[in-house]
Each structure stands twice: as C-alpha cells, then as structure tokens.
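Reading through the structure tokens given below for one structure.
Just so you know, these numbers use all the heavy atoms, side chains as well, and skip hydrogens, waters and symmetry mates. Each chain gets a letter, A, B and so on, in the order the sequences are listed, and its residues count up from 1. Predicted, not measured: the structure shown is a model, and the values here were computed from it.
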Number of protein chains: 2
Amino acid sequence: MKSSSNSDWMKGSLDLMVLSVLASGSKYGYLLQQELQQASGGLVELQAGTMYPLLHRLEAEEWIRSRWDETTGRRRKWYELTDAGRNRLTQQAREWESYADCIRALLARVIDPVPRPA
Amino acid sequence: MKSSSNSDWMKGSLDLMVLSVLASGSKYGYLLQQELQQASGGLVELQAGTMYPLLHRLEAEEWIRSRWDETTGRRRKWYELTDAGRNRLTQQAREWESYADCIRALLARVIDPVPRPA
DNA sequence: GGTCAATATATAGACTGGCGATACATGCGT
DNA sequence: ACGCATGTATCGCCAGTCTATATATTGACC
C-alpha cells in the first residue's frame with residue numbers, strides 16, 4: 001500500500017521546505033501551501049492535515065511565529081521566521097546538501113557503475 | 001527532541017540506500033550495515049532494529065530475495081536484488097534525483113552564494 | 001435566493017516506520 | 001573462562017504524515 005500522495009522522500013524534508021518557503025516572506029498556511037506546490041513544480045502537495053500540525057510544531061519550537069489577521073472576513077494566520085528559525089534554515093540547508101551528496105554518491109555507482117578491479 | 005541518531009532526511013531514503021548497496025552484489029544484513037556506513041562516510045548508521053524489519057519488508061514486496069547460508073557456524077541470510085528490485089532501484093533513483101533537484105531549487109533561494117571564500 | 005466551489009484553519013484517528021532495548025547464539029582472542 | 005565482535009530477530013514506543021471531517025466566509029453561477 002502506498003501511504004502518501006507525495007513520494008516518501010519528503011517525509012524528513014517538510015520542515016526544511018516550509019522554512020525555506022517562509023524565508024521569502026511571511027505567509028499564511030493556505031498561501032504557503034500554494035506557493036510550495038508551485039515552487040516545486042507540482043511535486044509537493046502539502047496537505048492541510050499535514051501542514052497545520054507542522055506549522056504548530058514549528059511555532060512551538062520557536063522557529064516561526066504567528067499572528068492573526070482579523071481585519072478581513074477571512075481569518076488568516078500569518079507566519080514568519082524567527083531569527084532562530086532563519087539560522088535553523090541555513091544550518092538545515094547545509095546539512096541537507098551533504099546528505100544529498102551522500103545519496104548521490106551511492107546512486108552514482110548504480111547508474112554509472114565503475115568496473116571493480118577483480 | 002531529536003529522535004534519530006541519523007538525521008531525519010534519511011527517513012524516506014532507507015529503501016533506496018539499501019537497494020543501491022545491494023546493487024553491487026549480494027550481502028547479508030550485518031555486512032550491508034557495515035558497507036552502507038562506510039560508503040556514506042559514516043553518515044548513515046543503519047541500526048539493526050531498523051534494518052532487519054526493513055529487509056523483511058523489502059523481501060515481502062519482492063524487491064529482494066534471501067537464502068540462508070548454514071555452511072558456516074554463523075548463520076547468515078544473504079540478500080540479493082530481484083529483477084523487479086533492480087528496476088525499482090533505477091526508477092527510484094531517477095525519482096530521487098528530481099526530488100533532490102526540487103529541494104535544491106528551493107534552497108538556492110535562501111543560501112548565500114558564499115560556500116567558500118575564494 | 002440557493003447552491004456550489006474555493007478559501008481558510010483546525011483536530012481526531014489510523015497507520016507507518018524508525019529507534020532503543022532486549023534476546024539469543026556463534027567465533028575468536030586472551 | 002570471559003568478553004567482545006559477529007549475526008539475526010522482535011517488541012513496544014512514539015513522532016509524524018495522511019484521510020476524513022468540522023466550521024466559516026466569499027464569490028460565482030443559475
């Protein structure tokens with residue numbers, strides 16, 4: 001049984017993706033969802049039931065903060081990175097790069113196998 | 001709280017890593033564990049409690065098959081890719097590349113282009 | 001005026017899967 | 001004899017994602 005609508009690679013990268021989208025400015029959830037989907041070329045469809053708990057968690061961990069906009073009929077909760085969140089993002093980004101390189105190296109042997117000296 | 005000894009990026013990539021290590025030839029679990037750790041430069045430490053259930057699952061899904069080697073005192077269960085598993089691997093590898101590119105594109109917008117003082 | 005879809009946030013419950021702990025057995029060095 | 005590395009395995013915990021559902025507003029279409 002496939003469990004996710006996205007592929008499972010994303011499982012550990014959602015924090016990173018959300019933080020990176022927020023890096024370009026404050027967003028409310030629904031907007032973030034749209035932008036992430038667009039920025040990923042449709043690859044990432046962050047479900048509401050995934051996103052809101054995720055945002056709540058990121059806020060509890062103080063990587064982001066929120067404030068309600070009640071001025072319009074539609075209640076919107078805007079999120080922005082904290083300073084800590086911004087640091088977190090750059091650090092996570094660097095970490096991700098090295099892990100990606102690691103996987104890439106593993107895959108290189110599969111895609112372009114170097115004949116072993118026997 | 002950090003939950004894993006590895007970073008969480010790996011969560012969705014373990015199947016891929018295991019398959020790719022098996023692509024270079026049959027391995028038994030313990031050996032696979034060692035080789036993966038070495039091949040990743042120590043980044044990936046696949047725990048036994050993670051690996052064996054994972055191998056059983058991959059076998060149940062018929063991406064890999066196993067046979068016992070009882071000729072030595074130490075019982076070893078050797079795993080090898082099935083044909084389906086090999087196809088799976090190349091397909092997953094391609095998928096992973098596009099997801100990695102996707103993340104890379106997201107991150108490109110936030111990372112300072114100062115990787116090395118030149 | 002009524003209905004429907006899109007916008008907007010939220011939670012509950014199911015399910016997956018990695019992890020630490022634990023178990024058990026063998027081989028080897030000392 | 002003892003301890004450590006080798007080797008496979010399972011269990012319970014729990015973090016985190018998904019589906020389904022709830023609620024409310026707005027705008028379009030009829």
Side-chain angles (χ1 to χ4, degrees), chain A residues 1-19 26-38 43-61 63-79 92 99, chain B residues 1-19 26-38 40 43-61 63-79 99:
Chain A
M1 281 296 212
K2 296 291 303 187
S3 51
S4 43
S5 49
N6 299 314
S7 283
D8 292 326
W9 322 116
M10 296 304 171
K11 289 291 172 62
S13 313
L14 291 180
D15 287 23
L16 179 61
M17 288 193 286
V18 166
L19 291 179
S26 293
K27 312 258 184 314
Y28 54 94
Y30 190 83
L31 179 58
L32 186 147
Q33 197 177 29
Q34 308 292 89
E35 289 203 8
L36 181 54
Q37 183 172 358
Q38 202 203 355
L43 271 170
V44 186
E45 291 180 39
L46 187 56
Q47 302 303 309
T50 301
M51 180 182 60
Y52 289 109
L54 171 57
L55 287 171
H56 300 337
R57 182 169 52 77
L58 290 177
E59 186 171 23
E61 289 163 346
W63 310 123
I64 62 180
R65 78 172 72 85
S66 69
R67 71 183 199 292
W68 282 101
D69 174 16
E70 314 262 15
T71 63
T72 64
R74 280 207 219 282
R75 292 162 69 252
R76 287 170 176 160
K77 200 195 252 179
W78 291 79
Y79 289 95
Q92 294 270 88
Y99 277 110
Chain B
M1 279 299 212
K2 295 293 305 180
S3 52
S4 42
S5 49
N6 300 314
S7 281
D8 294 326
W9 322 115
M10 294 305 173
K11 290 289 173 64
S13 313
L14 290 179
D15 287 23
L16 179 62
M17 288 193 284
V18 166
L19 291 178
S26 293
K27 311 260 185 313
Y28 55 94
Y30 190 83
L31 180 59
L32 186 146
Q33 199 177 28
Q34 309 290 85
E35 288 203 7
L36 181 54
Q37 183 172 359
Q38 203 203 354
S40 68
L43 270 169
V44 185
E45 291 180 40
L46 187 55
Q47 302 304 310
T50 301
M51 179 180 61
Y52 291 109
L54 170 57
L55 286 170
H56 299 158
R57 182 169 51 77
L58 290 177
E59 185 171 24
E61 289 163 347
W63 308 123
I64 62 180
R65 81 172 70 84
S66 69
R67 77 188 141 68
W68 282 101
D69 174 14
E70 314 262 15
T71 61
T72 63
R74 282 208 218 279
R75 291 161 73 253
R76 288 168 175 160
K77 201 195 250 181
W78 291 78
Y79 289 95
Y99 277 110

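Within the nucleic acid shown, A/Gly49 comes within 4.0 Å of at least one base atom, counting heavy atoms only.
Between the side chain of B/Arg75 and the base of D/dT8, no donor-acceptor pair under 3.5 Å is found.
Using cut-offs of 30° and 60° for the angle between ring planes, the A/Trp9 and B/Tyr99 rings count as tilted.
Comparing C/dG17, C/dA6, D/dT8 against the side chain of A/Arg74 picks out C/dA6 as the nearest. Counting only heavy atoms from C-beta on, A/Ala48 has its side chain closest to C/dT9 among C/dT9, D/dT17, D/dT8. You'll find that the side chain of B/Tyr30 is closest to D/dT6, out of C/dG18, D/dA9, D/dT6. Each of C/dT7, D/dT8, C/dA10 was ranked by its minimum atom distance to the side chain of A/Gln34; first place goes to C/dT7. With D/dA9, D/dT17, C/dG18 as the choices, the nucleotide that has an atom nearest any side-chain atom of B/Leu14 turns out to be C/dG18.
Straight-line distance from the CD atom of A/Glu61 to the C1' atom of D/dA15: 11 Å, rounded to whole Å. Between the P atom of C/dT26 and the CD atom of B/Glu70 lies a distance of 12 Å, rounded to the nearest Å. Between the OH atom of A/Tyr52 and the P atom of D/dT23 there is a distance of 17 Å, rounded to whole Å. Taking atom CZ of residue B/Arg57 and atom P of nucleotide C/dT16, one finds them 11 Å apart after rounding to whole Å. Atom CG of A/Leu58 is separated from atom P of D/dA15 by 15 Å (rounded to the nearest Å). Across the protein-nucleic acid pair, A/Gln47 atom CD and C/dA14 atom C1' stand 16 Å apart, rounded to whole Å. Atom CD in B/Glu45 sits about 15 Å away from atom C1' in C/dG18, given to the nearest Å. Distance B/Leu31 CG to D/dA5 C1': 14 Å, rounded to the nearest Å.
Applying the 4.0 Å criterion to OP1 and OP2 of C/dT9, one finds that A/His56 has every side-chain N and O outside that range. For B/Lys11, no side-chain nitrogen or oxygen approaches OP1 or OP2 of C/dT16 to under 4.0 Å.
Residue B/Met51 comes nearest to B/Gly29 through the heavy atom pair SD-O, 3.2 Å, listed as atom of the first residue, atom of the second, then distance.
Across the interface with DNA chain C, nearest-nucleotide mapping of B/Leu54 and A/Trp78 shows A/Trp78 to be the residue nearer the 5′ end. If you find the closest nucleotide of DNA chain D to B/Pro53 and to B/Tyr28, the one lying nearer the 5' end belongs to B/Tyr28.
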Donor-acceptor contacts under 3.5 Å from residues 30-37 of chain B side chains, at least two apart:
residue	atom	partner	partner atom	Å
B/Gln33	NE2	B/Leu46	O	2.7

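Counting heavy atoms of neighbouring residues, nucleotides and ligands inside a 6.0 Å radius, atom CZ of B/Arg57 exceeds 12 of them.
For the 3.5 Å distance criterion, the side chains of B/Trp63 and B/Glu61 qualify, holding a donor opposite an acceptor.
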